[in-house]
Amino acid sequence: MSKVMLGLSGGVDSAVAAYILKKQGYDVVCCFMRNRDSFANNDFLGNPTVDNDICPQEKDYNDAKKVAEKLNLPFLRIDFIKEYWDNVFTYFLEEYKKGRTPNPDIFCNKYIKFDSFLKFAKENNCDYIAMGHYAKRVDVGDKTYLYKAKDLSKDQTYFLSQISTYQLKSCLFPLGDILKSDVRKIAHELNLESVEDKKDSTGICFIGERNFKEFLKNYIPATQGEIVDIQTNRILGHHDGVMYYTLGQRKGLGIGGIKGEVAKGWFVCGKDVSKNILYVASGSEDEHLFSDYCLVTNLNLYNEKIPDNTHLFAKFRYRQQDLGVTLFNIDDTTIKLIFDKPYKSVTPGQAAVLYEDDGKCLGGGIIDKVFYKGKLKNF
RNA sequence: UGGGAUGUAGCCAAGUGGUAAGGCAACAGACUUUGACUCUGUCAUCUCGCUGGUUCGAUCCCAGCCAUCCCAG
C-alpha cells in the first residue's frame, strides 16, 4: 500500500483530499505546515491579527487536527519558517526592490510544499505527497503530465508551473476531477464541522489577506516620488514608493479629475525605479498598457522541449484568460513569446504558464522583459 | 487700479426659481491561494464662496463683499 503525506492546511480542500486518498486505499499521514511567524518575521504594520488572542495559524492547526481526528488519520506538524524566509520571502522582497511584481506562491510551491515538505515526507517513508491543489496528473507510460483541474474556475496549475518533473511525479492531486461545490458537499456529508463552511483562504500563502502596501512597508522603506502622465509628462500626483504598484493597477493612485479633461481613471503603465517615477496612462485601453512580445526566463518544462514556432496558450496572471502566443527558444531556460495581438499589463516578475488547448500544462517561466513594437518597455 | 470671467463634495463637472446629474478619487463588499484587473454598494439635507434682498419658496433673480484667474496698466 502506497503511503502518502498529505498537507492538511485547516481548509476544506485538503481535508476532502485526505478523505479521498484514504478512500482510494492510500495509507495517509496528515501534516500541518507552518512557514511563517509574524513575530519572528517582524511583521506588524498592517497586520490585522497581530493583537488577536489566538493567531489564525493556531486556529487552522486546530481545525486541521479535528479533521484528522474525524478521519481517524495520524497527524503531524512541521515548521519551515527558516526555509520559507530564505527561499521564498527573500526572493519576494528582492523582486519588489527591483520594481517587479513577483508571485511568491509559485516559489512557495517550488521550494516549500514540493521540496522541503517532500523531503520530510520521504524521511517519514512516504511515497507521495498531496495537498488540496486543484490540478490533474495524467500518467502515460513513464511520462507524467499535468492538466488543468476539472473545475476550471479553481484550477491552480498556474501556481505549479515551477515544480520539477520529479516533484510532479511525487505528488498526487485528489481534487483534479472534482468540482469545488462537490468538495463542500463531501465535507458536509462527512460532518467536517471545523472546515465545511470555512471561507476559502486568499492572500499570499501563509501570510494571508492584507493591506498590501502596509505589509510591504515592514520590509521595504517608503520613498515618495512623482506620478507622471506618460502621454504629456505632467506630474499628476505622488506615490509612496514605486514598488508598491503593479502594471495595470488602478487603485491607490489618488488622482482626481483634471480641468477640461474627461476622467477615465488612471492605470499604472510603467515605472522608473532609479528615478522613482511611476508612469500612468488615462483609461483602460491606452496603448501604453499593451505589449506584443516578451522574454521569459527560468523556463521549467515537465516534459520534452517545445520546438520553435509552436503556437500555444499562455496565462500571464492567475485567473486571467489564456492568450494565444507563438514560442521561440532562446536557450534552455529562456524563451520568447510573441503574442497573437497586443495584450494588456503583461508584467515582469509574474509567471507565464504554457498550455495546449486541451488543458495540458507544459510548464512555465518568469516574465523578464516585455516589449511593444520592438521597443523594450521600461518598468 | 480699470475691464472681463469664475466661485457646486477631496478633484473635475452638469443643473433648474420648487427643493443638488455624472465622472475621477476614497471607502466598503463580492471575486481571488501573488500583486492586480473587474463587479456591486456608499459618498453634498444647519448644502451649491460669504452677507443681505426680491419671492409662498433660490443654488439658480438682484445688491454688496471676499477669493481666484485673464486682459489692460
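Labels below follow one simple rule: chain letters A, B, ... track the order of the sequence lines, proteins then strands, and each chain is numbered from 1.
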[atom1] gap between [N] and [M], integer Å:
N     : M     : atom1 : result
B:C43 : B:A20 : P     : 14 Å
B:C12 : B:C48 : C1'   : 16 Å
B:C69 : B:A36 : C1'   : 41 Å
B:G15 : B:G49 : P     : 15 Å
B:G23 : B:C61 : P     : 27 Å
B:A72 : B:U59 : P     : 38 Å
B:C50 : B:U55 : P     : 23 Å
B:U47 : B:G7  : C1'   : 15 Å

To the nearest angstrom, how far is [X] atom [atom1] from [N] atom [atom2]?
X      : N     : atom1 : atom2 : value
A:W266 : B:C24 : CH2   : P     : 13 Å
A:F114 : B:U33 : CZ    : C1'   : 12 Å
A:I106 : B:U33 : CD1   : C1'   : 11 Å
A:F89  : B:U34 : CZ    : P     : 15 Å
A:R234 : B:C24 : CZ    : C1'   : 13 Å
A:Y219 : B:U34 : OH    : P     : 18 Å
A:R100 : B:U34 : CZ    : C1'   : 14 Å
A:Q156 : B:U34 : CD    : C1'   : 12 Å

Look at the side chain of [X] and decide which nucleotide, out of [options], has an atom nearest to it.
X      : options             : answer
A:A263 : B:C37, B:U33, B:G23 : B:G23
A:K199 : B:U33, B:A36, B:A30 : B:A30
A:K113 : B:U32, B:U33, B:U34 : B:U33

For the residue pair [X] and [Y], confirm or rule out a side-chain donor-acceptor distance under 3.5 Å.
X      : Y      : result
A:T144 : A:K169 : yes
A:Y355 : A:T157 : yes
A:Y26  : A:D127 : no
A:Q350 : A:Y318 : no
A:S14  : A:S9   : yes

Nucleotide paired to [N] in any strand shown, Watson-Crick or G-U, under 3.5 Å:
N     : value
B:A36 : none
B:A20 : none
B:G41 : B:C27
B:A63 : B:U51
B:A9  : none
B:A58 : none

Under 4.0 Å, counting only non-hydrogen atoms across every strand here, what does [X] touch: a base, just sugar-phosphate, or nothing?
X      : result
A:E261 : sugar-phosphate
A:L253 : sugar-phosphate
A:Y245 : nothing
A:G252 : sugar-phosphate

A:V67 and side chain to side chain contact (heavy atoms under 4.5 Å, CB included): which single residue from A:N62, A:L8, A:L190 fits?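 With A:V67 as partner, side chain to side chain contact (heavy atoms under 4.5 Å, CB included) holds for just one option, A:L8.
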
Does [N] have OP1 or OP2 under 4.0 Å away from a side-chain N or O of [X]?
X      : N     : answer
A:K259 : B:G7  : no
A:R250 : B:C24 : yes
A:K154 : B:U33 : yes
A:Y318 : B:U33 : yes

Taking for each residue the nucleotide of RNA chain B bearing the nearest heavy atom, is the 5' side occupied by A:K251 or by A:K264? A:K264

Hey, which sits more toward the 5' end of RNA chain B by its nearest nucleotide, A:S284 or A:D155?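 Here A:D155 is the residue nearer the 5' end.
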
Are A:Y91 and A:F107 an aromatic pair, judged by ring center distance below 6.0 Å? yes

For A:Y145, is the NZ or CZ atom of A:K360 found under 6.0 angstrom from the centre of its six-membered ring and inside 45 degrees of the ring axis? yes

